[in-house]
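Accompanying notes for the structure given below.
Below, each value reflects all heavy atoms present in this structure, side chains not excepted, and no hydrogens, waters or symmetry copies.
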Amino acid sequence: MQDWFDLAKKIDSLVLEAAASAGLEDSFTADIRSADPRFGDLQANGALPYAKRNKSNPRQIAQSIVEKLQANQELAEVAELSIAGPGFINFSLKPSFLQKWLTTFSGSEQLEKAAAHLQADETVVVDYSSPNTAKQMHIGHLRSLIIGEFICKLLEFCGAKVIRDNHIGDWGTAYGRLFYAYKRFLDEENLQANPLGELERLYKLGSKLAAEDEAVVAESREELVKLQSEDPESMKLWETVNGHSIDGIKQVYELFDIHFDHYLGESFYRNMVEQVYKELEECGLGEKSEGAWVVFHPEHKRFATQPFMYRKSDGASNYATTDLATMLYRAEHFKASSIIIETDFRQKDHFEQLELTTKKWFEKTGRCFPKFSHVFHGTIMGENGKAMASRSGDPVLLKDLIAEAIERAEKLVREKNEEKVAKGQAPLSEEEVAAAAKVIGTGSIRYAELSQNRTSDYVFAWDKLLSFEGNTAPYLLYAATRIKSIFRNFEASELEALAGKASQIETPEELALARKILGFVGVLQQTIETLRPHLLCTYLFELAGAYSSFYNANKVIVSEEAIKARRLMLCQRTLDVLETGLGLLGIPTLERM
């Protein structure tokens with residue numbers, strides 16, 4: 001039981017065995033969770049719900065389980081047991097276990113190797129970002145992009161095969177007005193320099209002209225009809241527009257070092273909708289309502305009367321149709337065991353209906369339905385409490401937001417550089433300043449996003465997210481560089497010579513830090529279960545705090561080699577987990593800052 005990644009599972013099994021031995025019914029569940037640090041490291045919470053169901057005393061039930069567990073010699077070597085409150089069984093890991101774990105799991109690679117079984121054999125399609133083509137990416141696109149990429153990194157770290165699919169909006173009525181303006185008012189030079197900006201300008205111009213002139217409306221409609229009938233000339237222009245759009249989108253993604261495996265937009269599924277129509281009707285799910293084809297869900301309070309329309313009364317497809325085709329393609333082509341879609345909260349009803357419809361459709365057609373999760377987020381607010389916008393009132397463009405973040409970060413780095421010079425320390429080179437500014441700037445935006453509960457709105461405030469104090473990216477990055485500075489005082493041969501000489505951790509601060517380092521595993525599991533990145537962010541902030549308390553109370557570089565070795569080990573393991581956690585958030589650490 002020296003593998004902390006398997007310990008919770010092992011304790012779960014032992015608690016169930018003890019419960020059975022104590023005469024409890026099969027309905028008892030251990031419900032293992034991370035414990036409040038004041039009481040232990042793991043907690044079995046199953047006694048309380050069991051007692052409620054059976055109208056018995058939860059503390060007596062917990063006591064009967066603990067008596068059986070205390071007879072297990074293997075468990076006794078690992079943890080001490082206690083009961084808290086109305087029957088919570090706490091497991092406090094012994095220092096000897098902490099020491100063995102810290103010695104065993106050295107570096108991010110070891111942690112990743114151990115975590116790989118958590119999602120092993122899973123194939124997960126993650127659908128996120130999904131902007132519309134011919135439009136510039138703005139702050140409204142930020143949350144899906146950052147949260148979606150975090151989910152991908154987290155699942156990959158835990159052993160899943162992840163397929164990043166950008167389901168872009170690249171088909172539909174907007175193209176009629178865009179094509180009308182493109183053919184008449186294109187600025188070729190601007191298209192090459194700023195493709196998304198030029199295409200958005202043309203779309204807005206086409207819409208403005210259509211609002212003023214019915215002739216433009218008619219010509220735009222003709223352009224759309226030609227595209228939908230796949231006229232060769234229209235398709236060629238469509239491919240040109242989409243190519244420029246994706247190039248522009250990728251330029252923004254590059255700033256965050258984000259790359260997709262596929263850009264399978266709505267257009268990809270346009271020729272698959274006939275199968276959707278046919279099968280939904282044949283299996284009895286689809287029915288006509290006011291001329292349109294819909295699916296009702298009578299068992300659902302709202303959807304019994306709020307149908308899921310998948311074919312309009314004029315026979316045209318819609319988002320629901322292509323989303324159903326997308327679900328089928330991902331299940332059959334990618335062999336997905338799980339599908340995750342990340343969007344804002346306004347699409348919650350749509351994806352709930354999509355899940356219900358697809359599940360019934362697959363069941364009636366003998367297909368396996370993958371696990372489905374709609375991960376949704378709230379809104380980014382400006383400091384005025386309204387949706388964040390530029391001075392002109394338009395949404396802040398992502399490329400402008402990133403540029404400003406890097407510019408502000410560079411100013412902070414140069415101020416820190418001046419402080420280094422004043423203290424007689426070696427300043428950063430210009431290359432180091434530029435690298436640090438990019439990491440801190442983009443990392444601060446990422447961390448400000450991921451450290452919030454994703455379902456809540458939050459206020460975007462420059463001073464807060466770039467602060468070197470509090471739960472921010474600069475604070476954690478600085479904590480990592482502080483630890484790295486300790487190891488710069490040693491030659492590799494010295495550190496190698498100290499390896500294996502560490503004595504037993506013993507001071508309160510050492511033990512608290514060791515427990516917090518091991519807490520990474522429990523937080524990792526909680527974050528996978530909930531897909532809420534703020535849980536990991538909060539943990540990393542607390543880890544940095546525990547390290548600070550340890551460092552302030554325990555001198556690391558001491559004459560006694562055994563003590564020095566164990567404290568250096570604690571420093572290194574803290575750094576390992578900080579770098580691993582920040583890496584999952586998409587934030588690389590720096591050597592100096």
Kindly say whether [Y] contributes a backbone atom to a donor-acceptor pair with the side chain of [X] at under 3.5 angstrom?
| X | Y | answer |
| --- | --- | --- |
| Ser229 | Lys226 | yes |
| Arg532 | Arg454 | no |
| Trp361 | Val276 | no |
| Ser467 | Asp463 | no |
| Glu410 | Lys438 | no |
| Ser337 | Thr123 | yes |
| Thr321 | Tyr310 | yes |

Establish, from distance only, whether the side-chain atoms of [X] and [Y] form a donor-acceptor pair under 3.5 Å.
| X | Y | value |
| --- | --- | --- |
| Thr455 | Asn453 | yes |
| Asp323 | His350 | yes |
| Arg311 | Asn318 | no |
| His297 | Thr357 | yes |
| Ser234 | Tyr175 | no |
| Glu222 | Tyr180 | no |
| Ser444 | Arg408 | no |
| Asn471 | Tyr447 | yes |
| His259 | Asp261 | no |
| Glu342 | His377 | yes |

Under a 4.0 Å N-O cut-off, is there an ion pair linking [X] with [Y]?
| X | Y | answer |
| --- | --- | --- |
| Lys464 | Glu383 | no |
| Glu254 | Lys250 | no |
| Lys312 | Asp314 | no |
| Lys161 | Asp121 | no |
| Lys411 | Glu407 | no |
| Asp187 | Arg201 | no |
| Lys360 | Glu355 | no |
| Asp127 | Arg164 | no |
| Glu274 | Lys278 | no |
| Lys364 | Glu279 | no |

Notebook entry, point to check: Is there side-chain contact between Thr481 and Thr589, with at least one heavy-atom pair below 4.5 Å?
Noted result: no

Assert yes or no for the condition that the ring centre distance of [X] to [Y] is strictly below 6.0 Å.
| X | Y | value |
| --- | --- | --- |
| Tyr329 | Phe268 | yes |
| Phe260 | Tyr253 | yes |
| Tyr475 | Phe541 | yes |
| His167 | Tyr128 | no |

Next item on the list: Check whether more than 12 heavy atoms from other residues, nucleotides or ligands sit under 6.0 Å from atom CD of Glu415, and answer yes or no.
Entry: yes

Next item on the list: Output the distance between atom OG1 (Thr133) and atom OH (Tyr203), rounded to the nearest 0.5 Å.
Entry: 11.0 Å

Note to self: How long is the straight-line distance from OG1 of Thr305 back to CZ of Phe296, given to the nearest 0.5 Å?
What the structure shows: 8.0 Å

Next item on the list: Assess Lys416 against Phe468: is NZ or CZ under 6.0 Å from the centre of the six-membered ring, and within 45 degrees of the ring's axis?
Entry: yes

Check: With respect to Glu219, which candidate in Lys183, Arg177, Arg184 satisfies the side chain to side chain donor-acceptor pair (under 3.5 Å) definition?
Finding: Arg184

